[in-house]
Amino acid sequence: MIRAELGVNPWSVLYEGLARHTSLSFGTISAVVGVLVLLLWIPLRQRPTFGTGANIVVLACSSDLGLHVLPQHLGLPARIGLLAGGILLNGLSVALYVGARYGPGPRDGLMTGMSAVSGRSLRSVRTLIEVAVLAVGWLLGGGVGAGTVLYALAVGPVTQFFVPRFAYLSAGEDLA
């Protein structure tokens, strides 16, 4: 999504907005917000697992690798493809590791916990979280593009679509 140059995800908008009001770096803010999000897990009865920590490490490494490999200043068709691919791959990746029960990342655990507590779908909970984070980030001065809004509205439905296709069910379990 960064190379698409059409807007970053809502959490990056929040980090950017917070960076405008603090002396902390973008990466430090990302880590601090991640810890704060993990604290929100407590009333939701979510517990960090190996996958939670792995999510943080893999995301950081794969982001750096992707930025190193993908060229900058691409034409609009390529940028649109990167944006669409970023949204689809994000929803798919969440479905893969949450469905495999490796444990959600900080933001995904917030989604699964709120879904479990409220009884609402992953789609609606994730969309609500993304739109709320986008609004706060924008109010703090973070940059918003068309891709940011598209991501906020699409990643929940994409995740909801893929989760049943990759969910690990033990004997006697049913997704319905």
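This chain uses plain numbering: 1 for the first residue, then up along the sequence. Owing to the predicted nature of the structure, the values given are computational and were not obtained by experimental measurement. Heavy-atom basis, side chains included; hydrogens, waters and symmetry copies ignored.
In this structure Ser124 satisfies the side chain to side chain donor-acceptor pair (under 3.5 Å) test together with Ser121, sequence neighbours excluded. Partners of Tyr15 under the ring pair (Phe, Tyr, Trp, His ring centres under 6.0 Å) rule, at least two apart in sequence or in another chain, are Phe26. In this view, Leu39 and Leu36, Ile42 satisfy the side chain to side chain contact (heavy atoms under 4.5 Å, CB included) rule, not counting sequence neighbours. Scored by the side chain to side chain contact (heavy atoms under 4.5 Å, CB included) test, Leu96 finds Leu92, Phe166 as partners (sequence neighbours excluded).
A single hydrophobic cluster is seen to contain both Val131 and Leu139, as judged by linkage of ILVMFWY side chains at heavy-atom distances under 4.5 Å, directly or through other members. Clustering ILVMFWY residues whenever any of their side-chain heavy atoms sit less than 4.5 angstrom apart, transitively, puts Val32 in a cluster other than the one holding Val133. Side-chain heavy atoms closer than 4.5 Å link hydrophobic residues (I, L, V, M, F, W, Y) into clusters, and following such links, even through other members, never connects Leu128 to Leu110. Transitive grouping of hydrophobic side chains (ILVMFWY, heavy atoms separated by less than 4.5 Å) keeps Met1 and Val149 in distinct clusters. Following chains of ILVMFWY side-chain contacts shorter than 4.5 Å, one can reach Ile129 starting from Leu18, so the two form part of one hydrophobic cluster.
In the hydrophobic clustering, Leu74 connects to Leu70, Leu82, either directly or through intervening members, whenever side-chain heavy atoms lie under 4.5 Å apart. The other members of the hydrophobic cluster of Val69, by chain and number, are Leu65 (side-chain heavy atoms under 4.5 Å, ILVMFWY only).
Annotation: His68, atom NE2; neighbour count of heavy atoms from other residues, nucleotides and ligands within 6.0 Å does not exceed 12. Heavy atoms of other residues, nucleotides or ligands lying less than 6.0 angstrom from CG of Leu150 number more than 12.
For residues 3-20, there are no salt bridge (charged side-chain N to carboxylate O under 4.0 Å, His left out) pairs, not counting sequence neighbours. Under the side chain to side chain donor-acceptor pair (under 3.5 Å) criterion, the residue pairs touching residues 69-95 are Asn90-Tyr151, with sequence neighbours excluded. Within the structure, every pair that satisfies the side chain to side chain donor-acceptor pair (under 3.5 Å) test and touches residues 24-44, not counting sequence neighbours, is listed here: Ser25-Thr28. Residues in residues 126-140 take part in these side chain to side chain donor-acceptor pair (under 3.5 Å) pairs, two or more places apart or across chains: Trp11-Glu130, Asp108-Arg126, Arg126-Glu130.
Between Pro106 and Gly34 the shortest heavy-atom distance is CB-O, 4.0 Å. Considering every non-hydrogen atom in both Leu140 and His21, the closest pair reads O-NE2, 2.8 Å. Counting all heavy atoms, side chain and backbone alike, Val98 lies closest to Pro104 at CG2-CB, 4.0 Å. When all heavy atoms of Thr159 and Gly91 are compared, the closest pair comes out as OG1-CA, 3.4 Å.
Using a distance-only test at 3.5 Å, with no hydrogens or angles considered, a donor-acceptor pair links the side chain of Ser115 to the main chain of Arg120. Side-chain N or O atoms of Thr148 include none that pairs as donor or acceptor with a backbone N or O of Asn9 at under 3.5 Å.
Taken from CG in Leu40 to CE in Met114, the straight-line distance is 9.0 Å, to the nearest 0.5 Å. Atoms CG and CZ, from Leu122 and Phe162 in turn, are 14.0 Å apart once rounded to the nearest 0.5 Å. Between the CG atom in Leu38 and the CZ atom in Arg47 there is a gap of 13.5 Å [rounded to 0.5 Å].
Using a 4.5 Å heavy-atom threshold, the side chains of Leu134 and Val144 count as touching.
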